Each structure stands twice: as structure tokens, then as C-alpha cells.
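None of these values were measured; they are calculated from a predicted model.
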Amino acid sequence: MDVMKKVPVREQDAKVRAANFDEVCLGYNQEEAMEEAQRCLNCKNAQCIKGCPVSIDIPGFIANVKEGNIEEAYKVIGKSSALPAVCGRVCPQESQCEGKCIRGIKGEPVSIGKLERFVADWAKEHGIKPEKADSFNGKKVAVIGSGPAGLTCAGDLAKLGYEVTIFEALHEPGGVLVYGIPEFRLPKEDVVKAEIENVKSLGVKIETNVVVGRSVTIDQLIEDEGFDAVFIGSGAGLPKFMGIPGENANGVFSANEYLTRSNLMKAFKEDYDTPIIAGKKVAVVGGGNVAMDAARTALRLGAEVHIVYRRSEEELPARVEEVHHAKEEGIIFDLLTNPTEILADENGWVKGMKCVKMELGEPDASGRRRPVVVEGSEFELEVDTVIMSLGTSPNPLISSTTEGLETNKWKCIVADEENGMTSKEGVYAGGDAVTGAATVILAMGAGKAGAKGIHEYLSNK
């Protein structure tokens, strides 16, 4: 084997998968995983751990995979991560653990994410569960939101002996893992549900259909229901729009709504009644992972799909793997293009989108080159559906019904990065509710920090 190159991972053929919702990446089998694990240099001062927001002992778990001790590898990962089968699939490893891998300096980095996924899937197949606490410590914690931040915080606290209840607004737990990320990237039954069952096996209770701020307030949880502390991991579910003319036309969706209809409410399945507009020609405005997810979903529902993004390919915020998969599947990239108006027919339905061409000028505050309009470059894109994927912000419901909870100008809750502490005593927060829309693993890191903060707070009470 060439130690400079990754063991290739099997994938569904692009033409076949463009017409189904089955998982694209098929993962390693044990033989492939053990071979890939041989490439790890087992560095003493491992940079990969520093690149991981939840600080998994990466050389430690890979050393066990090398020897074929998969159960032991799972235990090593389990000390740091509650959702390894999820992270192995959706983490941006190339900019985190794998981005710091020493092997990657002269060759290709070790496939840390694919190895993590293999270990988690193997553990599920062999019925291996995370280790739970010996006894309860008599203290109760409420966690708001069952997405990656909430699940991680709940899992860590349960392992420390706390009685934890998660309150979820939707009818199914999982947060963005269930409503935001498509089946072909993250299977719901086999992966998400199984990981949530693992968290529940630690003793965590989950109550669905509870909208905190409406059904119950944070103050009521503390004063009436006897919770000793609260962690807010309610995510960022409020979509952003461009504010251009015609945005209220029929056939304009936020990526959030479009993906929720397909993923959570199963609109892509023939035996479900959830309405979704498949569209014949769809424009997805934006260039992040969510834009790729929406575009690849529309493609599978039978549309010709254009990604419309105002910067160039170098600036696309989506993962390289996602862009590569989208291109393979036949999605058209209209780069350096910005919409200025959505055109509707006499019945109010989308019939096209006015756009202008852009060129890149000097870098702006974000360090990316600022897009500037090319004079006289207006043109019309003929489309019947537009999906806006411009990011999301936190829903202000919790902050507006909780006195003494400080938020910033973006309506994000202000919380300490180290321990999740907010301006209100006993209330901690983390994930997208604090940072605005970010990645699953960063939300998990914030959930860990919140659990640590709550443990310190309640240990001293």
C-alpha cells in the first residue's frame, strides 16, 4: 500500500444516486479501516486532537482500530463524543482534525472521519452502548433543544450522574440532524435515531412538542419544576432572506423550510402526504453546506438545479466533498452571480430571476474578496422555484420570554465560550443559539463546555 494515499472509500455511482435518497458514501469495512489506520503516525504531540472541537483522543482510537480492537476504539471515542456516527459523516474534517494531520503535509491526511464512522457503525451492529453513570447525584438539569449541542450536553451530564430532561419543540428529537441534513448524507433511522437511543440509554429523558417560551418558560422550569440548572441549545432556525423585490412570490422557499419538508416530514417518500414543490428548474441562492443539501435534494426530486453564488469557487463555504458530490451529480454552478429580483407570473408564481454578474475586488472584513457588480451584466435566469440558503439566526422566542438573559444585536444569546455561562444565574447556553448557524461539531463542543460549566456550578452549590 502507498502510505501517502488514503485507502479509497466506496460510494454510490453518481448517476444512480442522483435518483435516490440512499446514503452516498458507503464507508469502510473492517479490512479497509484497519489498513487506513496503519497510516496513522501515532504522534506523541498529536495536532489532530487540537483540531477537534470535542478533543477526541484520535491516535488512541486509531491505534485500537489498527489492532482490530474496535470495541476499545469505541470506548475511547465515547469519552469525548456522544454522536460519533453523526460526526464521522458530517464534520468538516478537512478543516479540523484532518487539516492538522502530520501525514497530510507530504501526502494525504489519515481519513479520521471515515474511521470514526466505521467504529460507530460497528459498535451499533454489535449492540455496544456507551457506559452510564453508577448512580444519580440527586440534581436535575433541563436541556432545551435535542440537536447536537443539547444531546452532547445531556449525555455528558448524565455520565456525571445528573438527572437530565431534554425539551424539544418538534415532534421528533434530533434538531438539525433530523430536519436539516438530508437522508443521503445522514440516514435518520440507522444513524440519527440510533445515536439518540444511545444518549437515552445513559438515563436522559426527552420530551417532544414542548416549545420553551410558549409551553413553559425557563423561570418556570427552575422555580416550579425544580430544575437546578438549564442549558439552552435551541439552535438557529430562523431563516434569512435577501430583501429583494419578488421574494414573496409563490415558489420561493427558505432552505430551512424546503429541507424540513423533505427530511423531517418525508416529502421525498411517495407514501407521505407532505406537499413539496419539486420544480422543473430550481435556483438555490447561497454556497454553504445547506445550499448543497437543498440543491441535491431538489435534483433528486427531479429538477434541473442551479447554485447561484456571488463569489467564486475558491470562496464557496461548503465542504469540498459536498461541492464535488454536487458537481458529479450534475448540479450547475452559476458562480459570480447575484440575484436582484424574483419575477412572478400573473398568478404570483415564480417564472424567473433577474441576476447580475459579479467580479471580485479587494478583501473585506471577513478576509474574503468582496464581490462587485459588473456594470451592464444584467440577465434573466428562467426558473420556477427559488430556494434561499443565506444562513439562519436564532429564534428570539426564548430570549424574549426570559428576563435577565443578555443577547447581542444578532439576537444570539451571550454566553462564555469556556463554560457556556449566560448573564442569568443557573442558565447556560451553547451552539447555534449563541454563535448563529455553524457546524454540528462546533455545537457539540459548546454542549461539552456547557456541561462542564453546569457541573462546576452545581458542585459548588
I'd like to know if [X] pairs up with [Y] as an ion pair, taking the criterion as any Lys NZ or Arg NE/NH1/NH2 lying under 4.0 Å from an Asp or Glu carboxylate oxygen.
X      : Y      : value
Arg296 : Glu329 : yes
Arg300 : Glu183 : no
Arg311 : Asp364 : yes
Asp156 : Lys448 : yes
Lys6   : Glu36  : no
Glu197 : Lys193 : no
Glu225 : Lys140 : no

Side-chain polar contacts of residues 127-136 - donor-acceptor pairs under 3.5 angstrom, sequence neighbours left out - could you list them?
residue : atom : partner : partner atom : Å
Lys129  : NZ   : Asn198  : OD1          : 3.1

Evaluate the criterion side-chain contact (heavy atoms from CB on, under 4.5 Å) for residue pair Glu108 and Arg39; output intermediate values, then yes/no. CA-CA 10 Å; Glu108 293 180 342; Arg39 299 182 59 235; 4.0 Å; yes

Would you please indicate yes or no on a ring centroid separation below 6.0 angstrom for Tyr74 and His126?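 When the ring centroids of His126 and Tyr74 are compared, they turn out to be at least 6.0 Å apart.
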
Do Lys50 and Asn45 have side-chain atoms, one donor and one acceptor, less than 3.5 Å apart?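 Judged by distance alone, the side chains do pair up.
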
Are Glu172 and Tyr179 close enough that a side-chain donor and a side-chain acceptor fall under 3.5 Å?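 Tyr179 and Glu172 do not have a side-chain donor-acceptor pair below 3.5 Å.
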
Distance-minimising heavy-atom pair for [X] and [Y]:
X      : Y      : result
Gly155 : Val204 : N-CG2, 4.5 Å
Gly150 : Ile166 : O-CD1, 4.3 Å
Val211 : Ala169 : CG2-CB, 4.0 Å
Val164 : Leu157 : CG2-CB, 3.8 Å
Glu23  : Arg185 : OE2-O, 3.9 Å
Pro317 : Arg368 : CG-NH1, 4.1 Å

Just wondering, more than 12 heavy atoms not from Asn248 lying within 6.0 Å of its CG? no

Above 12 or not: heavy atoms from other molecules or residues under 6.0 Å from NZ of Lys452? yes

Name the one of Lys327, Glu322, Glu328 that satisfies side chain to side chain donor-acceptor pair (under 3.5 Å) with His324?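 Option passing the side chain to side chain donor-acceptor pair (under 3.5 Å) with His324: Glu328.
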
Go through Glu116 and Cys87 one step at a time and tell me if the side-chain contact (heavy atoms from CB on, under 4.5 Å) criterion holds. CA-CA 8 Å; Glu116 179 182 24; Cys87 289; 3.7 Å; yes

Checking [X] side chain against [Y] main chain: does a donor-acceptor pair fall under 3.5 Å?
X      : Y      : answer
Glu195 : Ala85  : yes
Glu168 : Ser146 : yes
Asn408 : Cys412 : yes

Would you compute the distance between atom CD1 of Ile206 and atom CG of Leu151 and round it to the nearest 0.5 angstrom? 6.0 Å

Please report the interatomic distance CG(Leu115) to CZ(Phe61), rounded to the nearest 0.5 Å. 5.5 Å

